[in-house]
Amino acid sequence: MFYDTATNAHGLSHDPFKAIVSPRPIGWIGTKGADGSLNLAPYSFFNAISDKPKLVMFSSSGHKHSVRNIEETGVFTCSFASRSLADQMNMTSIPADYGESEFEIAGLTPMPARLVDAPLVAEAFAALECRMTEVMRPRGLDGLPSENWVVFGQVVGIHIKDEAVRDGRFDMSVARPIGRMGYMDYCDAGDVFEMMRPTRR
């Protein structure tokens with residue numbers, strides 16, 4: 001099959017776009033508002049985009065609490081979403097009122113970051129501390145801004161639990177990251193195989 005996205009006439013019961021672009025890592029974003037309230041929310045439009053410097057981004061469908069807090073404070077954290085915390089991660093997607101802590105709703109422990117004033121998930125195998133570098137709204141071919149706000153941040157600190165490190169590496173078979181597929185589907189990315197980059201002789 002083929003369809004153009006201008007009409008989006010795919011004829012399927014659900015739009016397959018996000019299912020095709022999958023699995024997507026989950027950015028479990030922790031923020032603190034200027035009023036001191038804590039927020040935790042998962043974003044599946046998330047990824048690392050640079051190693052030097054270490055940069056990550058997430059995209060919010062609408063101007064949600066995470067974006068508001070980051071614009072106010074300039075900082076955020078990103079906690080690792082593992083299979084062991086999948087239910088808690090899902091619970092933090094609840095449409096809570098501003099100022100209501102998703103940490104408390106999901107039964108998670110907010111841990112203060114060391115270098116930024118934002119909370120991270122104490123139970124997570126790993127977490128990134130980030131300083132916002134820019135917030136922008138991407139534009140389509142028509143020049144109009146999308147409904148999404150994209151937040152970029154530089155990683156200034158990294159937490160890793162000792163039990164997730166084996167042979168000098170962050171062990172995916174222990175951490176078992178989860179990824180967002182299409183629709184309401186998720187995957188467990190703990191089944192790992194290794195391939196070396198090819199070289200020319």
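What's counted below: heavy atoms across the whole structure, side chains too, no hydrogens, waters or symmetry copies. Owing to the predicted nature of the structure, the values given are computational and were not obtained by experimental measurement.
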Does Arg24 make a cation-pi contact with Phe46, if we ask for NZ or CZ under 6.0 Å from the ring centre and within 45° of the axis? no

Using modelled atom types only, decide if a donor and an acceptor are shared between the side chain of Ser22 and the backbone of Gly182 within a distance under 3.5 Å. no

Are Tyr43 and Phe58 close enough that their ring centers fall under 6.0 Å? yes

For Ser50 and Pro53, indicate whether the former's side chain and the latter's backbone hold a donor-acceptor pair under 3.5 Å. yes

Could you tell me which non-hydrogen atom of Thr73 sits nearest to which non-hydrogen atom of Ala34, and how far apart they are? CG2-N, 4.3 Å

Would Asn148 and Ser146 count as a side-chain hydrogen bond (donor to acceptor under 3.5 Å, both in side chains) here? Give the steps. CA-CA 5 Å; Asn148 284 46; Ser146 78; 4.5 Å; no

Ile70 pairs by side chain to side chain contact (heavy atoms under 4.5 Å, CB included) with which of Arg131, His65, Lys32, Met132? Met132

Cluster question for you: counting only ILVMFWY and a side-chain heavy-atom cut-off of under 4.5 Å, with indirect links fine, are Ile29 and Val150 together? no

Per side chain to side chain contact (heavy atoms under 4.5 Å, CB included), Phe76 is matched among Leu128, Val116, Val56, Asn69 by Val56

Minimum heavy-atom distance Ala122-Lys161, with the two atoms named: O-NZ, 3.1 Å

Heavy-atom closest pair, residues Met184 and Tyr186: O-CD1, 3.6 Å

Where do Ala118 and Gly30 come nearest, in terms of heavy atoms and distance? CB-O, 3.8 Å

Side chains of Thr77 and Cys130, heavy atoms from C-beta outward: is any pair under 4.5 Å? no

Check the side chains of Asn39 and Ser66 for a donor-acceptor pair under 3.5 angstrom, ignoring hydrogens and angles. yes

Working for side-chain hydrogen bond (donor to acceptor under 3.5 Å, both in side chains), residues Asn8 and Thr5: CA-CA 4 Å; Asn8 218 37; Thr5 57; 5.9 Å; no

Determine, using the 4.5 Å side-chain heavy-atom cutoff (strictly less than), whether Met181 and Ile20 are members of one ILVMFWY cluster. no

Is there a side-chain contact between Phe103 and Thr109 in this structure, where contact means two heavy atoms from C-beta onward sitting under 4.5 Å apart? no

Supply the atom-to-atom distance Ile94 CD1 to Leu40 CG, rounded to the nearest 0.5 angstrom. 12.5 Å

For the residue pair Ile105 and Ala96, what are the closest heavy atoms and their distance? CD1-CB, 4.0 Å

Check whether any side-chain heavy atom of Arg68 lies under 4.5 Å from a side-chain heavy atom of Glu72, and answer yes or no. yes

Any side-chain to backbone donor/acceptor pair from Gln154 onto Lys54? Under 3.5 Å, distance only. no

Find out whether Pro110 and Leu120 are in side-chain contact, i.e. whether some heavy atom of one side chain is under 4.5 Å from a heavy atom of the other. no

Is any side-chain heavy atom of Ser84 closer than 4.5 Å to one of Phe125? yes

Heavy-atom distance under 4.5 Å between the side chains of Trp28 and Leu108, does that happen here? yes

Ionic contact status for Asp15 with Lys18, cut-off 4.0 Å: no

Carboxylate-amine/guanidinium contact Arg169 Glu194, below 4.0 Å: yes

Does Ser44 reach the main-chain N or O of Ile26 with its side chain, forming a donor-acceptor pair under 3.5 Å? no

State which residues pass ring pair (Phe, Tyr, Trp, His ring centres under 6.0 Å) with Phe152; sequence neighbours excluded, sorted by chain then number. none

First locate atom CD of Glu129, then atom CG of Asp117, and finally report the distance between them rounded to the nearest 0.5 Å. 10.5 Å

Heavy atoms of Tyr98 and Gly33 approach each other most closely as OH-CA, 3.6 Å

Are any non-hydrogen side-chain atoms of Arg139 and Leu144 less than 4.5 angstrom apart? no

Would you indicate whether the side-chain heavy atoms of Glu102 and Met91 approach each other to under 4.5 Å? no

